[in-house]
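Numbered from 1 within each chain, the chains take letters A, B, ... in sequence-line order. As a basis for the values below, the full set of heavy atoms in this structure was taken, side chains included, without hydrogen atoms, waters or symmetry mates.
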Amino acid sequence: MKFTAGQIAELLNGKVEGNTEAIVKNVSKIEDGKPETLTFLANPKYTHFIYETKADVVIVNDSFTAEKNIAATLIRVPDAYQALAQLLEMYEQSQPKKTGIEQPSFIDETAKIGDFAYVGAFSYIGENVQIGDNVQIHPQVYIGNNVKIGDNTILFPGVKIYKNCVIGNNCTLHAGSVIGSDGFGFAPSASNEYKKVPQIGNVILKDHVEIGANTTVDRATMGATVIQKGVKLDNLVQIAHNVEVGENTVIAALSGIAGSTKIGADCMFGGQTGIAGHIQIANKTKLGAQTGVTKSIKKEDTVHLGSPSMNIMDFNKAYVVFRRLPELKKAVDELSK
Amino acid sequence: MKFTAGQIAELLNGKVEGNTEAIVKNVSKIEDGKPETLTFLANPKYTHFIYETKADVVIVNDSFTAEKNIAATLIRVPDAYQALAQLLEMYEQSQPKKTGIEQPSFIDETAKIGDFAYVGAFSYIGENVQIGDNVQIHPQVYIGNNVKIGDNTILFPGVKIYKNCVIGNNCTLHAGSVIGSDGFGFAPSASNEYKKVPQIGNVILKDHVEIGANTTVDRATMGATVIQKGVKLDNLVQIAHNVEVGENTVIAALSGIAGSTKIGADCMFGGQTGIAGHIQIANKTKLGAQTGVTKSIKKEDTVHLGSPSMNIMDFNKAYVVFRRLPELKKAVDELSK
Amino acid sequence: MKFTAGQIAELLNGKVEGNTEAIVKNVSKIEDGKPETLTFLANPKYTHFIYETKADVVIVNDSFTAEKNIAATLIRVPDAYQALAQLLEMYEQSQPKKTGIEQPSFIDETAKIGDFAYVGAFSYIGENVQIGDNVQIHPQVYIGNNVKIGDNTILFPGVKIYKNCVIGNNCTLHAGSVIGSDGFGFAPSASNEYKKVPQIGNVILKDHVEIGANTTVDRATMGATVIQKGVKLDNLVQIAHNVEVGENTVIAALSGIAGSTKIGADCMFGGQTGIAGHIQIANKTKLGAQTGVTKSIKKEDTVHLGSPSMNIMDFNKAYVVFRRLPELKKAVDELSK
């Protein structure tokens, strides 16, 4: 690829500051920008790199004010990170895509595969499966009986989808993710042994859902575990049976949601967060990393931290004192004397 | 399927309260019960739904006392959750099962496969492997040399079992689980580099063990990592080398047990719990979610919380004060004046 | 195998104490040592077993001083654990290794495979892939387009490597690990929906890296996620996009490193640790299990604990008081009266 700053600005509806004819042939990170590359500045932590970067063109926010001289040509846009996303997407879409059925693969004769779909070698497609148009099924994927997959969805290598699950349009499932494994349901008996409760429900992923590598979503005991439209789950996340995750909620790696809990829309959970079973989490709730939530959160748009979790302001104030507890104890001991 | 309340009560040895002829064609959850379905009430949190459910039949505990009028027909049994498990199991067992060898698959000529077993396409079975009767090996499973698998065990798609491991009867291993990967053993050298300690032991799963999706159980350095009879591990659990997990212990998702630790029988660990290496945990120990245990727990039947862990009563009392530490500090500051 | 204590001492440059002709035919753990086996004592927690072990030969540190009579023959070496590693490695290297291409497998015609390599059945090797000499690719592995793999590397069953990634020499990747999945990058839009930021970078694993079962390493947005020489990652670890992990750093299971963070060399992180994004961790940093680090650690060779993390000494002192907070509160209440 080879573009001028002026061409890129036009694609992005941006404004050039500097050399409109500056040439870029690749992209780079601002901290190790190379000549003839394009980079971007969105996170203020990286601002100091813009004065030294060797990249020839930098996409910046309209609001950016330079405090020193900048050698690179700037392209100003309302949101630099979104503009970058847009450019990278154009690049991705220009890449060739495979279509057709690679051999050897196993496709049951009752399965229906949409137009322009790709089925990679060693993939297994069971009875009565329905696959939409333009679906990319990479090698070594398993799709159980009666699964439905919408249009434009991508299943990376080794994804496993158990029987009866439903995957929407425009979803992306990363390698090793498992959809529809049995919920963890056992009925204790008098002898301390456990009797398995068969899990006869399914999992439903709505449209535009992204599932990270080796993430697991269990099928419902009865009914469905539901991942609503636009939800993004990072790698190694666990979603238990009968959970519902609301629209556009984002959950970072190694987090777990216990059974039957309902998560609202537009929530953001940090890594390694845990949420107890059978509770409700309000819309727009934010959780810091490693937070453990044991009770329902009813008020929308609040931020929590700690295990068990507290309002983040209260937690931080308490933790400031925790850090100095030995001093506090000493003061009390002296007062007691 | 189609049953009357009377027929179901007979199967369960239960007692009908209401219309013995009420018809059910499916099951549903009490909170979204539909006409002509059967549901159940076991968790008291859901009691209020019984007065509104549209389900025609509800299985309840003998001890349940209605506080308002209930439209549905009730079936009273000693334990509603167990009765449900029993019904769902009958349903599962009525489903058809595959048998025989699907092609293409790779089965070494020295391997022995039991009667009525199923080997799915793209599965790999190594030298001297012994597979019991009625075993279900779904597609894309890997079974290394010299592995033994007992009768009636189910390996879901993509399970990987390294060489020399032993799997009991009636086990269920979910998709993507890994049994027998190398323990994390490295001998530090003077130059800060690590020399791998080869792991020449194996993993033994006894009968009736269930392993969750993408859970990992490492092989022993020498000897065996042992998962005793009836243990249930949820998804994304890590069991390190030379660990022993005692009978009927249940461990929730994203928990990890470090090397050489011995876990007793009948324990229950919440999600994201962690247990240090080379310690012992007594029988019937219970751990709240996210608990971190660093020392042996010697007394049976105790409950712990926190990281590092404490007795749960002590933790809760301390945490109540933690939440109000800023107030406590203020009181001390004022006393000091 | 069959050796005398004298022969083993010669291999290890050790000194025999006892019967030079004592015979060993296998290895065992000291706590369940059997006659005609070799065992070792390195962890002082296990010292008491040496006085009772039935093993005929025990490797011990030069510094070991017996406090009672020992029946077994001892072999004294400078470092017993390293000596064991050396012996086990000789054993491993004496095991036969497969070479050649097993069928059915899928190898693109543009791929190059080195000498003495093994490619297991159901493995998939994409366009322009370069595989070094003596590489072991077990069954059901996926290797995307343009991937390079160095000499002597082992990929266990079901490893998935996305396109354009680079794997060094002498690496070991365990079953189910995923290298090069998309980083978790989404640009929020005004409507609370997220636009995916395509991840066009890659992952680079340098030489002598070990990756645990079901561990995930995400590709960079731009540039590379880098795992330096000698790094050891345990099972179920998450490394996010654009992270760098320094030489010989060791990270235990269920830990996660968030995006763009730089981890120094020779660090040791316990299980379930979490590190925030966009920060730096100095060389030789040690983290206790379940620690959560939210800010850069600038000083080398320090130890941290807690969430948010503190210097371990400070944390432990504060936690001692935390355990007794109810008493402290009572003391303050009484003083206030």
[X] [atom1] to [Y] [atom2] distance, which is reported to the nearest 0.5 Å:
{"X": "B/S260", "Y": "C/Y46", "atom1": "OG", "atom2": "OH", "result": "4.0 Å"}
{"X": "C/K232", "Y": "B/Y194", "atom1": "NZ", "atom2": "OH", "result": "9.5 Å"}
{"X": "C/K329", "Y": "B/L328", "atom1": "NZ", "atom2": "CG", "result": "7.0 Å"}
{"X": "C/Q272", "Y": "B/Q238", "atom1": "CD", "atom2": "CD", "result": "10.0 Å"}
{"X": "B/D314", "Y": "C/F322", "atom1": "CG", "atom2": "CZ", "result": "10.0 Å"}
{"X": "B/S181", "Y": "C/I211", "atom1": "OG", "atom2": "CD1", "result": "13.5 Å"}

Heavy-atom cut-off 4.5 Å, strictly under: side chain, backbone, both or neither for [X] against chain B?
{"X": "C/H208", "answer": "neither"}
{"X": "C/E92", "answer": "side chain"}
{"X": "C/D234", "answer": "both"}
{"X": "C/L233", "answer": "backbone"}
{"X": "C/E327", "answer": "neither"}
{"X": "C/E89", "answer": "both"}
{"X": "C/I30", "answer": "neither"}
{"X": "C/R323", "answer": "both"}
{"X": "C/S336", "answer": "both"}
{"X": "C/N43", "answer": "side chain"}
{"X": "C/K330", "answer": "neither"}
{"X": "C/M268", "answer": "side chain"}
{"X": "C/P326", "answer": "both"}

With side-chain contact (heavy atoms from CB on, under 4.5 Å) as the test, would you mind laying out the steps for C/L38 and B/M222 before giving the verdict? CA-CA 11 Å; C/L38 171 80; B/M222 297 181 292; over 6 Å; no

Who among [options] has the most heavy-atom pairs with chain B under 4.5 Å?
{"options": "C/Q82, C/E31, C/Q290", "value": "C/Q290"}
{"options": "C/T172, C/V27, C/D333", "value": "C/V27"}
{"options": "C/E210, C/K284, C/K45", "value": "C/E210"}
{"options": "C/G270, C/P139, C/G230, C/A121", "value": "C/P139"}

Report which part of [X] has an atom under 4.5 Å of a heavy atom belonging to chain C: side chain, backbone, both, or neither.
{"X": "B/S123", "value": "backbone"}
{"X": "B/V293", "value": "neither"}
{"X": "B/V237", "value": "backbone"}
{"X": "B/K317", "value": "both"}

B/M313 CE: over 12 foreign heavy atoms closer than 6.0 Å: no

Any chance NZ of B/K262 has more than 12 other-residue heavy atoms, nucleotides or ligands included, within less than 6.0 Å? yes

B/T216 and side chain to side chain contact (heavy atoms under 4.5 Å, CB included): which partner among C/L254, C/L236, C/T215? C/L236

Do side-chain atoms of [X] reach the backbone of [Y] as a donor and acceptor pair under 3.5 angstrom?
{"X": "C/N214", "Y": "B/G176", "answer": "yes"}
{"X": "C/Y319", "Y": "B/P308", "answer": "yes"}
{"X": "B/Y162", "Y": "C/A175", "answer": "yes"}
{"X": "C/K29", "Y": "B/G223", "answer": "no"}
{"X": "B/E193", "Y": "C/N248", "answer": "no"}

What I'd like to find out is whether the side chain of C/E102 reaches to under 4.5 Å of the side chain of B/F106, using heavy atoms alone.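 Sidechains of B/F106 and C/E102: in contact.
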
If we only count heavy atoms from C-beta on, is the B/F184 to C/V250 side-chain gap below 4.5 Å? yes

Is it true that C/H138 and B/Y124 have ring centroids separated by less than 6.0 Å?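 No; B/Y124 has its ring centre 6.0 Å or more from that of C/H138.
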
Exercise: do C/Q86 and B/K195 side chains pair donor with acceptor under 3.5 Å: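 No.
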
